[in-house]
Amino acid sequence: MTATTRILEWFGRLYIWLLLAFLYLPIIIMALMSFNVSPFYQLPFEWTTEWYASLWQNDQLIAATWNSVEIAVIATVICTVLGSAASLALYRYEFRGKKFLQALLFPPIAIPWLITGTAMLIFFFGVGIGRGLHAILLGHVALALPYVIVVVSARLQTFAPELEEAARSLGANQWQVTRRVTLPWIMPGVIAGGLFAFAVSFDQFVVSYFLATPGQTTLPVEIYAAIRKGFTPEINAVSTIIIVVSMALMLLTARFFKFGGEK
């Protein structure tokens with residue numbers, strides 16, 4: 001290994017560590033401050049669980065959290081089922097306008113959510129849907145569905161159609177082929193698409209802000225409103241809980257579905 005190669009390798013490692021520090025240090029500091037007795041980040045650090053106890057007494061924050069969880073779970077189920085079915089249809093069948101439909105999957109991902117939220121607000125009022133949790137759910141499904149279709153379709157590109165043909169030649173019908181051959185193969189893509197849908201829905205602020213009504217908000221909207229009134233460490237506490245649960249869910253999913261390979 002030459003000196004130039006060693007220097008480049010050293011700079012590469014340094015860059016990765018700096019990038020990781022930039023991403024994770026704010027999260028670590030926020031989590032630590034959720035256990036600090038001072039509400040104003042004053043030092044020295046004094047350990048306390050007061051803010052977690054106060055969190056369970058904050059009815060608005062708890063209600064908004066449950067609203068976000070319920071909407072995200074329902075949106076994930078709907079998007080995963082519809083997105084997987086749509087991906088299979090786009091993979092198996094040729095029809096007029098197929099390329100155009102596939103191209104339409106990307107504008108909802110690329111268009112700024114501010115524009116999307118404004119358009120949804122105008123459209124929902126125009127057709128009589130209005131605002132509320134039901135409107136937020138519809139908006140989240142519309143936003144998350146393209147992610148599922150794109151991820152599952154990418155997984156299907158690695159699928160060998162000869163496997164389905166072999167199953168049919170052995171007497172399996174279309175449902176049996178789908179359930180026993182195709183679905184097991186694309187399941188990592190389905191799970192990944194579902195996780196994308198959950199993340200998009202749970203973290204969504206702009207669309208939720210436009211479509212929420214007073215007293216019926218999601219967690220991102222409630223956090224924004226709480227920060228405008230005056231920051232409290234209870235926000236650090238609920239954020240820390242969400243991060244721990246999310247990381248645990250991601251690690252378990254990666255472990256059982258072998259997203260990182262056999263090792």
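Just so you know, these numbers come straight off a predicted model, no measurement behind them. Only this structure's heavy atoms are used, side chains among them; waters, hydrogens and symmetry mates stay out.
Asn36 is not listed as a side-chain neighbour of Asn236, based on a closest heavy-atom distance of 4.5 Å or more. Counting only heavy atoms from C-beta outward, the side chains of Ile186 and Leu88 approach each other to under 4.5 Å. Here the side chains of Val69 and Val73 are in contact, with some heavy-atom distance below 4.5 Å. With contacts defined as side-chain heavy-atom distances shorter than 4.5 Å, the pair Val221/Phe205 qualifies.
Checked by atom type, the side-chain pair Ser34/Tyr52 shows a donor-acceptor distance below 3.5 Å.
Taking both residues in full, the closest heavy atoms of Lys98 and Tyr93 are given as NZ-O, 3.2 Å, listed atom of the first, atom of the second, then distance.
Judged by distance alone, the side chain of His140 and the main-chain N or O of Val207 form no donor-acceptor pair under 3.5 Å. The backbone N or O of Ala197 lies less than 3.5 Å from no partner atom in the side chain of Ser201, so there is not a single donor-acceptor pair. Under a 3.5 Å cut-off, the side chain of Trp51 and the backbone N or O of Val238 do not form any donor-acceptor pair. Listed for the Asn67 side chain is no donor-acceptor partner under 3.5 Å among the backbone atoms of Thr218. Not one N or O on the side chain of Glu70 forms a donor-acceptor pair closer than 3.5 Å with the backbone of Ala72. Within the 3.5 Å criterion, the main-chain N or O of Val190 finds no donor-acceptor partner in the side chain of Arg155.
To the nearest 0.5 angstrom, Ile109 atom CD1 is 7.0 Å from Leu105 atom CG. Between Ile28 atom CD1 and Met30 atom CE the span is 10.5 Å, to the nearest 0.5 Å.
The aromatic rings of Tyr209 and Tyr224 stand perpendicular to each other, their planes meeting at an angle above 60°, with 30° marking the opposite boundary.
Residue-environment remark: CD (Gln60) stays at or below the threshold of 12 foreign heavy atoms within 6.0 Å.
Within the structure, every pair that satisfies the side-chain hydrogen bond (donor to acceptor under 3.5 Å, both in side chains) test and touches residues 13-29, not counting sequence neighbours, is listed here: Glu9-Arg13.
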